[in-house]
Asker: 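Below you will find the structure I want to go over with you.
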Amino acid sequence: MVSPVVADAVAPVVAGMVSPAVADGVSPVVADAVSPAVADAEQTVAGELRLLAMLLGAVLGTFVAWTSPGHQGEPRWVLFAVLAAVLGAASGEAFGFGAARWRDLGTVHRVRLYQVLHLVLASVAVAVGLVAATPYVLGEQGLTGRGVALSAIAICGALPSAATLGAVHRVARRLLAGTPGEQLNTLLSLRRLVSRLLNQLGLLVLLVTLVNGAATGWGADLPKVAVLFSGAVASFVVGVMYVPASTTLRRRSALFVDRYFPLSAVDLSQLVSAADDRAKLEKLLGIDQTTFGELRTGLVIVSPFVVSALAAVIPKF
């Protein structure tokens with residue numbers, strides 16, 4: 001028999017030893033396993049959705065190629081069909097990839113979709129406007145139904161990446177919280193993120209230009225200059241998505257380096273080593289690069305000029 005005084009004294013101690021999970025009737029072992037299990041389930045679902053998006057994009061690209069007029073008995077149509085399917089699959093992959101990066105960024109920095117919606121809509125408006133202006137630049141034969149359809153597939157695939165780049169732009173505009181080490185980790189993570197998104201978008205630019213090159217010489221009389229024009233348009237649209245995030249992030253990184261790694265207070269004997277360490281950090285953060293250099297590295301600028309040379313070869317098959 002326990003006295004009421006002892007019971008009242010023991011109750012708070014026991015309550016402090018019991019975890020909320022146990023208090024709710026859940027075993028601590030089960031509670032610890034819930035979070036990794038949920039994370040694994042989310043990763044599995046995300047992977048399946050990305051695969052589904054790839055398959056859907058490939059089907060849409062193949063459908064566009066199959067419904068293109070003038071392909072009956074045309075052997076060069078096979079190359080166009082393959083590239084259209086690859087473009088569709090790559091667009092689906094880009095959609096899933098961008099959505100995954102948006103989710104990853106949201107776990108660290110809370111950004112609402114409406115906060116970056118104006119940047120996404122601006123990118124879409126530029127893309128639609130340039131596509132609509134094609135007949136005025138290349139003539140009525142410069143824009144075909146299959147070209148509009150494939151452009152729409154590529155634009156839809158790039159939308160999550162545009163939203164994520166807009167989120168990076170918003171995060172980099174604000175002062176970073178945390179210790180210098182935490183701020184540096186944030187800047188490096190954002191730098192890796194924008195680089196991966198640029199590479200993904202660069203692949204879409206390459207495929208858009210290739211599929212336009214494969215569309216020449218059969219069916220609708222598409223001018224060869226449309227190959228270069230389509231690549232330039234796609235590169236410009238990606239630049240509109242990428243430049244705000246990249247330049248703002250570079251500016252924030254430069255402010256971080258100037259604040260925490262100044263050279264004015266360094267002793268003369270340590271000045272060279274301090275300058276070398278600062279240069280290494282600037283390289284890691286991408287401060288030593290230019291926006292044009294980053295775009296070129298991401299195959300956004302060079303791909304139209306490389307593929308335009310292929311456009312002269314493709315009709316010969």
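The residues of the chain are indexed from 1 along the displayed sequence. From a predicted model like this one, the values you see are computed outputs, not experimental measurements.
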Asker: Determine, using the 4.5 Å side-chain heavy-atom cutoff (strictly less than), whether Ile155 and Leu201 are members of one ILVMFWY cluster.
Answerer: no
Asker: How many angstroms lie between CG in Leu56 and CG in Leu51, if you round to the nearest 0.5 Å?
Answerer: 11.0 Å
Asker: If the condition is side-chain contact (heavy atoms from CB on, under 4.5 Å), which residues does Gln200 pass it with, not counting sequence neighbours?
Answerer: Glu93, Ala94, Phe97
Asker: List for me each residue that meets ring pair (Phe, Tyr, Trp, His ring centres under 6.0 Å) alongside Phe95, sequence neighbours excluded, and say none if there are none.
Answerer: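 For Phe95 there are no ring pair (Phe, Tyr, Trp, His ring centres under 6.0 Å) partners, ignoring immediate neighbours.
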Asker: Any link between Trp102 and Met54 through a network of hydrophobic side chains (Ile, Leu, Val, Met, Phe, Trp, Tyr) touching at under 4.5 Å?
Answerer: no
Asker: Taking only distance into account, with no hydrogens and no angle test, what donor-acceptor pairs under 3.5 Å do side-chain atoms of residues 167-175 form with protein atoms, sequence neighbours excluded?
Answerer:
residue: His169; atom: ND1; partner: Pro244; partner atom: O; Å: 3.2
residue: His169; atom: ND1; partner: Thr248; partner atom: OG1; Å: 2.9
residue: Arg170; atom: NE; partner: Gln115; partner atom: OE1; Å: 3.4

Asker: What distance separates Leu228 CG from Thr209 OG1, expressed to the nearest 0.5 Å?
Answerer: 8.5 Å
Asker: Strictly by salt bridge (charged side-chain N to carboxylate O under 4.0 Å, His left out), give each pair with a member in residues 261-277 just once, sequence neighbours left out.
Answerer: Asp276-Lys280
Asker: Quick check: closest heavy atoms across Gly213 and Val227, and the distance to 0.1 Å?
Answerer: CA-CG2, 3.6 Å
Asker: Tell me, which pairs form a salt bridge (charged side-chain N to carboxylate O under 4.0 Å, His left out) where one or both residues lie in residues 250-264, sequence neighbours left out?
Answerer: Arg250-Glu294, Asp258-Arg278
Asker: Once rounded to the nearest 0.5 Å, what's the spacing between atom CG of Leu207 and atom CG of Asn212?
Answerer: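 Result: 11.0 Å between the selected atoms.
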Asker: Can you list the other members of the hydrophobic cluster that holds Leu159, where links are side-chain heavy atoms under 4.5 angstrom apart?
Answerer: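 Under the 4.5 Å side-chain rule, Leu159 groups with Val120, Val124, Val128.
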Asker: What closest approach, in Å, do Ala215 and Arg146 show between heavy atoms, and which atom pair accounts for it?
Answerer: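 Looks like O-NH2, 2.8 Å.
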Asker: If hydrophobic clusters are built by linking Ile, Leu, Val, Met, Phe, Trp and Tyr wherever their side-chain heavy atoms come under 4.5 Å apart, do Val64 and Trp66 end up in the same one?
Answerer: yes
Asker: Taking ILVMFWY side chains as joined if any heavy atoms are under 4.5 angstrom apart, and letting links pass through other members, which residues group with Leu271?
Answerer: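 Direct or chained contacts put Leu271 with Leu263, Val266, Leu268.
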Asker: Does Ser189 have any side chain to side chain donor-acceptor pair (under 3.5 Å) partners at least two apart in sequence or in another chain, and if so, which?
Answerer: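 Here the qualifying residues are Arg192.
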Asker: My understanding is that only residues two or more places apart in sequence, or in another chain, count here; which of them pass side-chain contact (heavy atoms from CB on, under 4.5 Å) with Ala81?
Answerer: Ala65, Trp77
Asker: Taking all atoms of both residues into account, what is the closest heavy-atom pair of Pro160 and Gly98, and its distance?
Answerer: CB-C, 3.6 Å
Asker: At what distance, to the nearest 0.5 angstrom, does CG of Leu204 lie from CG of Leu87?
Answerer: 7.0 Å
Asker: Other than Val131, which residues form its hydrophobic cluster under the rule that side-chain heavy atoms must be closer than 4.5 Å?
Answerer: Leu143, Val148
Asker: Could you check whether any side-chain N or O of Asn185 sits under 3.5 Å from a backbone N or O of Gly181, counting only pairs where one atom can act as donor and the other as acceptor?
Answerer: no
Asker: Between Asp104 and Thr164, does a side chain to side chain contact (heavy atoms under 4.5 Å, CB included) hold up when you go through it step by step?
Answerer: CA-CA 10 Å; Asp104 294 342; Thr164 306; over 6 Å; no
Asker: Nearest 0.5 angstrom please: Leu249 CG to Arg191 CZ, how far?
Answerer: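 It comes to 4.5 Å.
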Asker: Which atoms form the tightest heavy-atom contact between Val116 and Ala163, and what is the distance?
Answerer: CG2-O, 3.8 Å
Asker: Please say yes or no: joined through hydrophobic side-chain contacts below 4.5 Å, possibly via intermediate residues, are Val137 and Val225 part of one cluster?
Answerer: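 In one cluster: yes.
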Asker: Closest heavy-atom contact between Leu188 and Leu284?
Answerer: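 What the structure gives for the nearest pair is CD2-O, 3.9 Å.
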Asker: Heavy atoms only: give me the nearest Gln183-Gly178 pair and the separation to one decimal.
Answerer: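 In terms of heavy atoms, the two residues are closest at NE2-O, 3.0 Å.
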Asker: Are Val78 and Val59 connected, step by step, through hydrophobic side chains (Ile, Leu, Val, Met, Phe, Trp, Tyr) whose heavy atoms are closer than 4.5 Å?
Answerer: no
Asker: Apply ring pair (Phe, Tyr, Trp, His ring centres under 6.0 Å) to Phe256 and list each qualifying residue two or more places apart in sequence or on a separate chain.
Answerer: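 Phe256 satisfies ring pair (Phe, Tyr, Trp, His ring centres under 6.0 Å) with Tyr260 only.
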Asker: Give me the other members of the hydrophobic cluster that Leu121 sits in, counting Ile, Leu, Val, Met, Phe, Trp and Tyr linked by side-chain heavy atoms under 4.5 Å, directly or via other members.
Answerer: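 Members other than Leu121 - counting any ILVMFWY side chain reachable under 4.5 Å - are Leu117.
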Asker: Mind checking the CG-CG spacing from Leu165 to Leu193? Nearest 0.5 Å is all I need.
Answerer: 7.0 Å
